[in-house]
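This report refers to the structure that appears directly beneath it.
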Amino acid sequence: MKNKIAVFVLLFCTHWAFGQRRTYPPTKNPDRILLSLTEQPHERQSVTWRTDRSVKGAYAQIAEATGSPDFREKADSTVAATQLFQHDYLLPKPPPERRPYQALYHTVTFENLKPATKYAYRVGDGQHWSEWFHFTTAGSPNDPIAFLYFGDAQNELKSMWSRVIREAYSTEPHINFILHAGDLVNRSFNDREWGEWFYAAGWINGMVPTMATPGNHEYDPRTLGQALDGEKVLSRYWPYIFEFPRNGPKGPEELQETVYYVDYQDLRIISLNSAAAIYHPEAIEPQLKWLEEVLQNNPQKWTIVTHHHPLYAARMGRDNSQIREALQPLYEKYGVDLVLQGHDHTYGRGSNKNYGARYAGDQGPIYVVSVSGPKMYNSSFGEWVDRTASNTQLYQLIRIDGDRLRYEAFTAVGQLYDAFAIQKDAAGNNIFTDQAPEDVQEIITVPKSQAKKEKWSDEDFEDYQRRYQEYVKRKKGF
């Protein structure tokens, strides 16, 4: 009897702890509608959505958007590819009666679109339709580009991350796509957290294409019975929610739709799976070989790379030396312009100074680490850093127009916090200009939750201030 009670308590606690409660259950009506960047964004656009299992057919309709409602008369219909999604983490192989959650995920890729054209589309089963959404295809190589970049959202998505993405889109609605640098949620096997992520972004996901790279929190225990530090696998949600290019390396399945590139006008933007490289060493070499080919055979003027784990840590006590030693030589050899990262839950922007290369001309990229959610850690004040922030939710706007790239970081209330520009000269070399606002002091507040968790003493706070003062002196060249 005691054994039965113990098993029941274990299952109940596991059920509660891992968020099996379906706070956002699927219905006949399409939800979790999301646009994913494709390999040819000037002529193709993918959309995914979710319904319950009662839906017997799934379709997407599309037409060029006009000011008249009559555009609907010219809409074309496409049959969706549908997959059954089964959320069964309670047991490794649950019997049918124990399956706690099933849904249908649907995918359509619109083909043969016109460049630089606004389209209207909707998804549904013929009776239960979504609203009509708009999106605009990529244009010609010389057209300007603007996109938003978010570091880790991860925690309190509905409550706290929502204000950041909504502030960002309200301030900068005319963007081409949105980039997420990993850790979109905290426990990616938790359906409630994905529900909150979609709730926070709302219809923005259906209007602006997404590009995302996985973080360590997009990796789950293979079975719930394993310790959280046991073997990790890519979240089963990833290939259902996103429909990214399959132009990555041959190798482990987890690299599909996590390692890929998109040529958006005159920008090549590349996603690498740093979490796979850390959890599964056999996933490093295929990425490196593929990356060198993609960088070497790159016709685009600008190159940006994103991965979750930073080459240079922005948080105290971290150092991803394995990733840095593998990737940095390729970035500097092939002239990567910008590297966008997450993971450290603080802000840092700088270049490869402490490892010997000053950012002068084309010697290396600018590295950025940022955070958009409310979980915060302490800044490292590392030698590579030119601008830092602690305890601050941020979003970033990146604009490219011809030979000029302009980067801006804003706080959650829309205040400009950091900025720089990169200008390419006639030879293709980069000229960097620091444009951080001089009247905005760097924020170095120690997160209260972190100080409490680590039981900071007065001496710890004094040491933090001392390291900050040393950082300020370095920046001034003392």
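Side-chain atoms are counted along with the backbone in the values below, which use heavy atoms only and exclude waters and symmetry mates.
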Partner residues of Thr303 under the side-chain hydrogen bond (donor to acceptor under 3.5 Å, both in side chains) criterion, sequence neighbours left out:
Asn298
Mind checking salt bridge (Lys or Arg N to Asp or Glu O under 4.0 Å) for Lys301 and listing every partner two or more places apart, or none if nothing turns up?
Asp403
Residues passing the ring-ring contact (aromatic ring centres under 6.0 Å, His included) test with Trp203, sequence neighbours excluded, are Tyr169
According to the salt bridge (Lys or Arg N to Asp or Glu O under 4.0 Å) rule, which pairs have a member within residues 388-397, sequence neighbours left out?
none
Do any pairs count as a ring pair (Phe, Tyr, Trp, His ring centres under 6.0 Å) and have a residue in residues 30-60, sequence neighbours left out, and if so which ones?
Trp49-His106
With Asn112, which residues qualify under side chain to side chain contact (heavy atoms under 4.5 Å, CB included), at least two apart?
none
Asn247 side, atom CG; Trp290 side, atom CH2 - distance, nearest 0.5 Å
6.0 Å
Quick one: which residue pairs count as a salt bridge (Lys or Arg N to Asp or Glu O under 4.0 Å) with a foot in residues 172-184, not counting sequence neighbours?
Glu172-Arg399
How would you list, by chain and number, every residue that makes a side-chain hydrogen bond (donor to acceptor under 3.5 Å, both in side chains) with Ser170, sequence neighbours excluded?
none
Applying ring pair (Phe, Tyr, Trp, His ring centres under 6.0 Å), which residue pairs with at least one partner in residues 387-408 are found, sequence neighbours left out?
Tyr395-Phe410, Tyr407-Phe420
Should Arg32 and Tyr237 count as side-chain neighbours, where that means a heavy-atom distance under 4.5 Å?
yes
Restricting to pairs with a member in residues 200-219, which pass salt bridge (Lys or Arg N to Asp or Glu O under 4.0 Å), not counting sequence neighbours?
none
Among all residues two or more places apart in sequence or in another chain, which pass the side-chain hydrogen bond (donor to acceptor under 3.5 Å, both in side chains) test with Asn216?
His308, His343
Does anything in residues 254-279 form a salt bridge (Lys or Arg N to Asp or Glu O under 4.0 Å)? List the pairs, not counting sequence neighbours.
Arg246-Glu257, Asp263-Arg268
